Amino acid sequence: MTGAARYIGYLFILPYLIFLGLFLAFPLGFAVWMSFYDYFFAAPSAQVERPFLGLGNYSELLLKDDTFHTALGNILVFIAVNVPLTVVLALVLAAALNAKLPGQAFFRTSYYLPYVTASVAVVAVWGYLFFSDGLVNLVLGGLAPHPSWLVNEFWAMIVIAMLVTWKQLGYYVLLYLAALQNVPRQLYEAADVDGAGTLGKFWNVTVPGLRPVTLLVVILSTIIGANLFTEPYLLTNGGGPVDQTLSPILYMYQVGIEQADAGYAAAIGVTMSVIVLGIAAAQRFVLERE
Amino acid sequence: MTGQEIPAGESSEAVIQAAITAGNAPCLVWNVAPAAVPQFQRAGGLVPLNSFDGGAKYADQRVGDRVDQYVSSDGDLYQLPWKSNPVMIIYNKELFQEAGLDPENPKLATYDEFLSTSETINSELDIAPIWPSADQTFYQAWFDYYPTFIAATGGDQLVENGKAQFDSETGLEVGEFWRSMYEDGLIPQESSPVDAFAEEESAMSIVGPWAVAVYTDLDWGVVPVPTPDGKAPQDIYTFSDAKNVSIFSACKNQKTAFDYMKFATSEGSDRRLLEMTGQMPLREDLEGRYADFFDENPLYAKFAEQASRTVEVPNVENSVQMWENFRGAYSESVIFGKEPVDKAFSTSAKEVEELVKGQGR
């Protein structure tokens with residue numbers, strides 16, 4: 001390849017590089033920088049002091065801030081419910097939708113619909129389902145939990161995890177459906193010859209054949225889950241009851257926007273990035289090794 | 001001079017803060033919440049009104065001694081008190097009648113009366129007697145605990161001279177009053193998905209005079225917030241829920257903005273505000289000055305009478321953190337009963353005292 005031809009490639013990727021630099025690299029770098037200061041947003045003309053704190057924000061956050069620790073525990077509960085539920089349901093539904101069933105297009109659209117519906121609308125509907133006098137409690141009658149779902153310390157986060165699972169499911173079903181087309185038919189035929197039933201084929205052919213996509217689904221749902229914000233913000237009145245649905249990102253919003261403590265909020269953001277990267281790396285290591 | 005509504009956002013404070021940071025804040029904003037002033041001031045977004053010739057005197061003449069509540073910790077005045085929404089209790093007369101209660105003289109003055117009336121409404125009508133939001137957002141305390149705290153203490157602020165007041169004997173008594181309402185199942189622990197008062201899912205509400213224009217389909221009355229032993233109405237203070245005017249540092253014509261602010265808060269302009277919106281101008285002798293309006297509008301007159309006895313949020317550093325901290329303690333102890341009220345308030349008081357010193361978080 002001649003020199004000019006080599007460099008023209010860089011020209012093609014330049015717009016995307018500029019985009020990445022402006023909207024990802026620069027904000028990320030700026031956030032890391034802010035997190036070492038008592039940083040707050042001020043008028044351009046204002047002369048304000050923003051003292052350097054070193055690791056002060058991080059030590060406060062990791063060692064002393066009980067609210068952050070609660071939020072971190074909450075998001076782990078969320079991920080523990082949301083990720084396995086997402087993987088299992090998406091896999092089973094994709095396998096079912098891949099079979100030649102009547103009304104296939106209708107069902108495929110139905111499962112995708114919540115994914116493209118605005119979260120605010122979805123949350124309002126779930127609110128009417130799970131409020132004290134909502135439909136779910138009406139059906140359950142005396143079996144309804146007390147206090148009700150959204151003000152129950154045990155159930156509130158689980159309801160949110162179920163809501164997010166349901167809302168995101170269509171996207172992951174789509175990923176699995178695409179991957180199912182690549183599982184070699186010969187493997188199913190060989191399983192038939194070996195006398196495997198429907199369940200046997202699903203477990204021994206489909207599941208292993210979809211392992212790369214499962215890894216992707218696990219990592220994506222973990223990352224998206226760790227960024228939980230809208231649902232607790234709207235459904236449980238900003239993290240209630242008693243902070244049991246407060247997510248780290250919602251807490252970051254409260255600190256950064258409501259309290260105008262941008263430096264500390266940046267420290268929360270950076271810490272969460274590191275934690276999520278760590279979890280994703282561990283998931284990749286475990287799933288790829290198997 | 002051009003004007004526009006504050007652009008939509010999570011709150012007007014967030015929008016104003018963004019405008020300050022971007023350097024494109026307007027000259028004047030007519031919706032500055034006193035709790036947000038310390039934040040805007042720290043960001044260098046506001047111009048002290050006392051830096052204008054006659055600025056301090058103008059504010060003083062407008063509200064008298066009450067101006068002290070709006071002076072910042074550096075001694076400067078960054079907000080002109082503009083209008084207040086004195087918080088009171090409104091009640092649905094038809095529902096009271098239905099529950100066998102006297103709708104013209106409701107028993108709501110003392111805590112015992114308030115509890116007994118609430119129990120009657122709950123048992124007779126199977127609805128919430130009153131339904132304050134269970135939301136954890138920092139400002140929600142202004143519409144349940146804070147007005148009753150102000151009334152019970154005779155006009156104290158949440159924090160005075162750097163010392164938290166809500167863990168005092170009276171502060172705790174107010175907390176226990178609300179706790180008993182939640183404990184007895186009289187107030188739901190989750191926020192209503194609708195306007196509970198408008199939908200008649202609650203018989204009372206804690207509101208400002210804006211309610212007059214909102215609840216036009218209901219027949220309702222208004223009383224001051226309850227106090228432990230039932231103070232005389234003329235001795236009851238409440239939360240002002242004021243919105244003020246500030247001049248922003250991004251303004252190029254600040255002197256003109258100051259002149260315009262004086263024009264738009266003149267006696268005549270305040271009358272227009274009152275007549276068009278029913279919002280109470282924050283000024284001395286409101287009732288006497290606009291007596292004809294209040295004669296014709298008896299519901300507004302009740303709020304106007306209360307408007308002369310209002311108390312503001314403390315003008316302190318870390319104001320929003322302080323309210324969030326307190327709301328967290330209130331939510332944990334009063335709404336959900338996870339911790340005794342005295343323990344939660346005492347812990348919060350220590351943290352709040354650190355916060356207003358500009359320390360802790």
Side-chain angles (χ1 to χ4, degrees), chain A residues 38 40-50 56-57 60-61 64-68 70 123-124 126-128 130-134 146-153 156 232-246 250-251 253-264, chain B residues 9-11 13-14 17-25 35-36 38-46 128 133-140 185 188-194 201 248-250 318-325 327-329 331-333 335-339 344 355 358 360-361:
Chain A
D38 180 9
F40 57 92
F41 295 113
S45 58
Q47 300 287 321
V48 293
E49 273 189 39
R50 296 169 175 133
N57 282 332
E60 173 78 27
L61 188 69
K64 295 184 195 158
D65 190 342
D66 292 340
T67 311
F68 179 67
T70 305
V123 165
W126 275 63
Y128 280 104
F130 283 94
F131 278 132
S132 298
D133 53 358
H146 186 79
S148 187
W149 305 95
L150 301 176
V151 284
N152 187 302
E153 282 183 59
Y233 178 68
L234 293 174
L235 195 61
T236 48
N237 307 315
V242 212
D243 286 342
Q244 288 307 300
T245 59
L246 181 72
L250 181 52
Y251 183 48
Y253 163 81
Q254 288 176 350
V255 171
I257 304 296
E258 288 179 357
Q259 302 177 8
D261 192 348
Y264 196 72
Chain B
E10 190 266 345
S11 65
E13 289 75 32
Q17 177 69 47
I20 290 173
T21 309
N24 60 3
Q39 203 168 297
F40 297 162
Q41 174 202 342
R42 186 178 69 147
L46 303 178
S133 171
D135 200 319
Q136 292 202 166
T137 318
F138 69 94
Y139 53 77
Q140 291 300 343
Q189 288 171 314
E190 61 189 351
S191 302
S192 171
V194 294
E201 289 182 17
F248 287 75
S249 55
N318 293 320
S319 171
V320 174
Q321 281 106 313
M322 175 191 78
W323 283 106
E324 271 184 357
N325 187 301
R327 188 63 181 173
S331 180
E332 196 155 327
S333 58
I335 300 179
F336 290 102
K338 306 302 298 175
E339 209 178 352
L355 282 170
R361 63 155 302 101

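Quantities reported herein were computed from a predicted structural model and do not represent experimental measurements. Every chain is numbered from 1, with letters handed out A, B, ... down the list of sequences.
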- Message: Tell me which of these, B:Glu13, B:Glu332, B:Arg42, has more heavy-atom pairs under 4.5 Å with chain A than the rest.
- Response: B:Arg42
- Note on the structure: One option among A:Ala124, A:Ser132, A:Ser148 has the most heavy-atom pairs under 4.5 Å with chain B, and it is A:Ser132
- Item | Passing option when B:Glu190 is tested against A:Asp133, A:Asn152, A:Val151 for side chain to side chain contact (heavy atoms under 4.5 Å, CB included) | A:Val151
- Note on the structure: Hits for ring pair (Phe, Tyr, Trp, His ring centres under 6.0 Å) against B:Phe40, two or more places apart or cross-chain, chain-then-number order -> none
- Task: Please look at A:Gln47 and chain B and tell me whether the side chain, the backbone, both or neither of the residue comes under 4.5 angstrom of a heavy atom of that chain.
- Result: neither
- Item | Contacts of A:Asp243 that satisfy side chain to side chain donor-acceptor pair (under 3.5 Å) - sequence neighbours left out | B:Gln136
- Item | Contacting region of B:Gln140 [heavy-atom separation from chain A under 4.5 Å] | neither
- Below 4.5 Å from any heavy atom of chain A, which atoms of B:Gln17 appear? Answer side chain, backbone, both or neither. side chain
- Note on the structure: One should read off an interatomic distance between B:Tyr139 OH and A:Glu258 CD, to the nearest 0.5 angstrom, of 8.0 Å
- Message: I need the minimum non-hydrogen distance between A:Ile257 and B:Ala14, along with the two atoms involved.
- Response: CG2-CB, 4.1 Å
- Message: Working to the nearest 0.5 angstrom, can you tell me the gap between B:Thr21 OG1 and A:Phe40 CZ?
- Response: 10.0 Å
- Task: Measure distances from B:Ala22 to the heavy atoms of chain A and classify the residue's part below 4.5 Å as side chain, backbone, both or neither.
- Result: backbone
- Message: Distance check, rounded to the nearest 0.5 Å: B:Gln39 atom CD versus A:Asp261 atom CG?
- Response: 9.5 Å
- Note on the structure: Tightest non-hydrogen contact, residues A:Pro241 and B:Phe336, listed as CB-CZ, 3.3 Å
- Where do A:Phe41 and B:Ala43 come nearest, in terms of heavy atoms and distance? O-CB, 3.4 Å
- Message: As an exercise: rank A:Ala46, A:Ala43, A:Ser45 by heavy-atom pairs under 4.5 Å with chain B and give me the winner.
- Response: A:Ala43
